[in-house]
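Note that the numbering runs from 1 along the sequence shown for the chain.
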Amino acid sequence: MVADAATDANRDRAQSFVVFRLGGEGYALEVMRVQEVLDMLSMTEVPGASRCLLGVINLRGHVVPVYDLRIPFGLPVDPKPLRAPSVLIVETEEGNDAEITGLLVDRVSDVLEFSPDDVQPSPQLGLGKTTPFVRGLIRHQDAFLLVLDVDRVFSALASINGEGA
């Protein structure tokens, strides 16, 4: 009876994650941070922009910058991907302001629920260049999903753009 109550409590606290692939790895991002997922749209390149800004898109009349997550993660850029990539539209918050930003990923596969107990702390070593952006691991099927710390990603992007220092 007590175990059933604990299981019910964990289920009640379960978080939903958008699961996506990037550079052969699986990532999870809290669904509350993702406004929508788009197929790759036509993009306008911005001359003189940082190397990680792919361009801007028109999202229902709003100009939305789209960044390639491969750059801050130190992954090689694939000039001719096998599949059309996806864009995660994510809301960023700075002070009282909120901005909408697009993050290019290889493909979005699922929205899954996990209990807080499913998220394990990430090891400090061994995850390569993505370590600062990973706040935990979730065992899923026969592999791990890397839980993305999107706020650190945006800090790194700001630093690359020369805005953070």
| said: Quick one, Val19 with Val108, criterion side chain to side chain contact (heavy atoms under 4.5 Å, CB included). Give me CA distance, side-chain angles, the key distance, then yes/no. | reply: CA-CA 6 Å; Val19 176; Val108 174; over 6 Å; no
### Task
Quick one: do Phe133 and Tyr27 satisfy ring-ring contact (aromatic ring centres under 6.0 Å, His included)? Show the steps, please.
CA-CA 11 Å; Phe133 309 117; Tyr27 290 86; 9.7 Å; no
task: Run the numbers on Val134 and Phe144 for side chain to side chain contact (heavy atoms under 4.5 Å, CB included), then give the verdict.
output: CA-CA 12 Å; Val134 175; Phe144 285 104; over 6 Å; no
Any chance you could lay out the side chain to side chain contact (heavy atoms under 4.5 Å, CB included) test for Phe114 and His140, step after step, and finish with the verdict?
CA-CA 10 Å; Phe114 298 99; His140 177 63; 3.9 Å; yes
- Any chance you could lay out the side chain to side chain contact (heavy atoms under 4.5 Å, CB included) test for Met43 and Val66, step after step, and finish with the verdict? CA-CA 9 Å; Met43 194 170 316; Val66 177; 4.0 Å; yes
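In terms of heavy atoms, Val37 sits closest to Ser86 at CG1-CB, 4.2 Å. Between Leu157 and Pro72, the closest heavy-atom pair is CD2-CG, 3.9 Å. Residues Pro85 and Val105 share a closest heavy-atom pair of CB-O, 3.2 Å. Scanning both residues, Val111 and Ser16, for their nearest heavy atoms gives CG1-CB, 4.2 Å. Pro65 and Leu53 get closest at one heavy-atom pair: CB-CD1, 3.7 Å. Contact record, Ile138 with Ala28: CD1-CB, 4.5 Å, taken as the closest heavy-atom pair.
Separation of atoms CD1 (Ile100) and CG (Leu59) is listed at 8.0 Å; rounding is to 0.5 Å. To the nearest 0.5 Å, atom CG of residue Asp118 and atom OG of residue Ser115 are 3.5 Å apart. Distance CG/Leu112 to CD/Gln15: 13.0 Å, rounded to 0.5 Å. Within the model, atoms OG of Ser50 and CD1 of Ile71 stand 8.5 Å from one another, a figure rounded to the nearest 0.5 Å. With rounding to the nearest 0.5 Å, the separation of CG in Leu38 from CD1 in Ile89 is 4.5 Å. Considering CG of Leu148 and CZ of Phe17, their distance stands at 11.0 Å, rounded to 0.5 Å.
Put simply, the side chain of Phe20 reaches to within 4.5 Å of the side chain of Leu69, judged on heavy atoms. A heavy-atom distance below 4.5 Å is not found between the side chains of Leu137 and Val147. The shortest distance between side-chain heavy atoms of Val150 and Leu29 falls below 4.5 Å. A heavy-atom distance below 4.5 Å is not found between the side chains of Tyr67 and Leu54. Residues Leu88 and Val18 form a side-chain contact, since some pair of their non-hydrogen atoms from C-beta on lies under 4.5 Å apart. At least one side-chain heavy atom of Leu22 sits under 4.5 Å from a side-chain heavy atom of Leu75.
The salt bridge (charged side-chain N to carboxylate O under 4.0 Å, His left out) pairs that include a residue from residues 137-150 are Asp149-Arg152, where partners are two or more places apart or lie in different chains. The salt bridge (charged side-chain N to carboxylate O under 4.0 Å, His left out) analysis of residues 19-32, with sequence neighbours excluded, yields the pairs Glu30-Arg135. Residue pairs satisfying the salt bridge (charged side-chain N to carboxylate O under 4.0 Å, His left out) criterion with at least one member in residues 47-71, sequence neighbours excluded, are listed as follows: Glu36-Arg60, Arg70-Asp106.
Ion pair Asp39/Arg107 not flagged as a salt bridge, since none of the NZ, NE, NH1 or NH2 atoms sits closer than 4.0 Å to an Asp/Glu carboxylate oxygen.
Using modelled atom types, one side-chain atom of Thr92 and one backbone atom of Glu99 make a donor-acceptor pair closer than 3.5 Å. Remark: the backbone N or O of Met32 is not paired with any side-chain donor or acceptor of Gln35 at under 3.5 angstrom.
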